[in-house]
Novice: 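The structure under discussion is supplied below as structure tokens; questions concerning it will follow.
All of these numbers come straight from a predicted model, not from anything done at the bench.
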Amino acid sequence: FLAYKNRLSGTFPTELGELSHLVQFNLNDNFISGTIPTQIGSWTRILELNLSNNRLYGTIPTQMCRLTALQYLSLAQNKLTGTFPQAILDANNLGTLYIFENTLEGSLEIPDKIVIDC
């Protein structure tokens with residue numbers, strides 16, 4: 001699912017959690033607001049998830065640690081708060097992580113396999 005660089009707005013629909021066969025989901029550079037729904041944890045086949053440059057806020061759901069196939073994650077340029085769940089880094093094949101321009105706090109143990117840009 002690719003819908004980047006549009007003018008999509010509104011909240012992130014929880015019904016998207018039902019799309020369990022997604023392998024790529026890109027809503028980069030839109031006007032999506034609200035929190036990241038916990039239902040996103042059902043996307044166990046997803047390889048690439050890009051929600052950067054939106055208006056998402058709140059914490060990153062720990063359910064994202066269920067995304068064991070995930071290789072690329074970008075949550076940059078939002079208004080996310082709290083700590084980044086270490087379980088996400090420990091539980092998947094993540095190779096690239098972008099989390100810059102949020103207000104995340106705390107520390108992470110970054111595995112050597114991950115390229116990170118904070």
Novice: Quick one: pull up CD1 in I46 and CE in M64 and give me the separation to the nearest 0.5 Å.
Specialist: 9.0 Å
Novice: Looking at residues at least two apart in the chain, or sitting in another chain, which of them share a side chain to side chain contact (heavy atoms under 4.5 Å, CB included) with N53?
Specialist: N28, D29, Q77
Novice: What distance separates S42 OG from R66 CZ, expressed to the nearest 0.5 Å?
Specialist: 8.5 Å
Novice: Of the non-hydrogen atoms in R7 and N30, which two are nearest, and what is the gap between them?
Specialist: N-OD1, 3.5 Å
Novice: For residues T59 and G82, report the shortest heavy-atom separation together with the two atoms involved.
Specialist: CG2-CA, 4.4 Å
Novice: Do the non-hydrogen side-chain atoms of L8 and I32 ever get within less than 4.5 Å of each other?
Specialist: yes
Novice: Quick one: CG on L49 to CD1 on I40, what's the gap to the nearest 0.5 Å?
Specialist: 4.5 Å
Novice: Tell me, do Q24 and F1 make a side-chain contact under 4.5 Å, heavy atoms counted?
Specialist: no
Novice: So, taking the atom named CG in L67 and the one named CD1 in I88, what distance separates them when rounded to the nearest 0.5 Å?
Specialist: 7.5 Å
Novice: Cluster question for you: counting only ILVMFWY and a side-chain heavy-atom cut-off of under 4.5 Å, with indirect links fine, are L47 and L22 together?
Specialist: no
Novice: Looking at residues at least two apart in the chain, or sitting in another chain, which of them share a side chain to side chain contact (heavy atoms under 4.5 Å, CB included) with Q86?
Specialist: L89, D90, L108, E109
Novice: Within the 4.5 Å heavy-atom criterion, are L56 and L80 side-chain neighbours or not?
Specialist: yes
Novice: Taking the side chain as C-beta and beyond, is there a heavy-atom pair between N26 and E48 under 4.5 Å?
Specialist: yes
Novice: To the nearest 0.5 angstrom, please state how far the OG1 atom of T44 sits from the NE2 atom of H21.
Specialist: 8.5 Å
Novice: Looking only at non-hydrogen atoms, find the nearest pair between N78 and A76 and report the distance.
Specialist: ND2-O, 3.1 Å
Novice: Is a side-chain donor or acceptor of N50 paired with a backbone partner of S52 at a separation under 3.5 angstrom?
Specialist: yes
Novice: Mind checking what makes ring-ring contact (aromatic ring centres under 6.0 Å, His included) contact with F84, not counting sequence neighbours?
Specialist: none
Novice: Counting C-beta onward and ignoring hydrogens, is there a side-chain heavy-atom pair between F12 and L51 closer than 4.5 Å?
Specialist: yes
Novice: Relative to each other, are the rings of F25 and W43 parallel, tilted or perpendicular (30° and 60° limits)?
Specialist: tilted
Novice: Once rounded to the nearest 0.5 Å, what's the spacing between atom CG of L97 and atom CG of L70?
Specialist: 9.0 Å
Novice: What I'd like to find out is whether the side chain of T83 reaches to under 4.5 Å of the side chain of L104, using heavy atoms alone.
Specialist: no
Novice: Does the side-chain contact (heavy atoms from CB on, under 4.5 Å) test come out yes or no for L73 and L94, once each step is laid out?
Specialist: CA-CA 7 Å; L73 176 61; L94 197 61; 3.7 Å; yes
Novice: Spell out, yes or no, whether Y57 and Y98 are grouped together once hydrophobic residues are joined by side-chain heavy atoms under 4.5 Å, including indirect joins.
Specialist: no
Novice: Would you indicate whether the side-chain heavy atoms of L75 and I36 approach each other to under 4.5 Å?
Specialist: yes
Novice: Mind listing the closest non-hydrogen atom pair of P37 and P61 along with its distance?
Specialist: O-CG, 4.0 Å
Novice: How far apart are the closest heavy atoms of Q39 and T14, and which atoms are they?
Specialist: NE2-CB, 3.7 Å
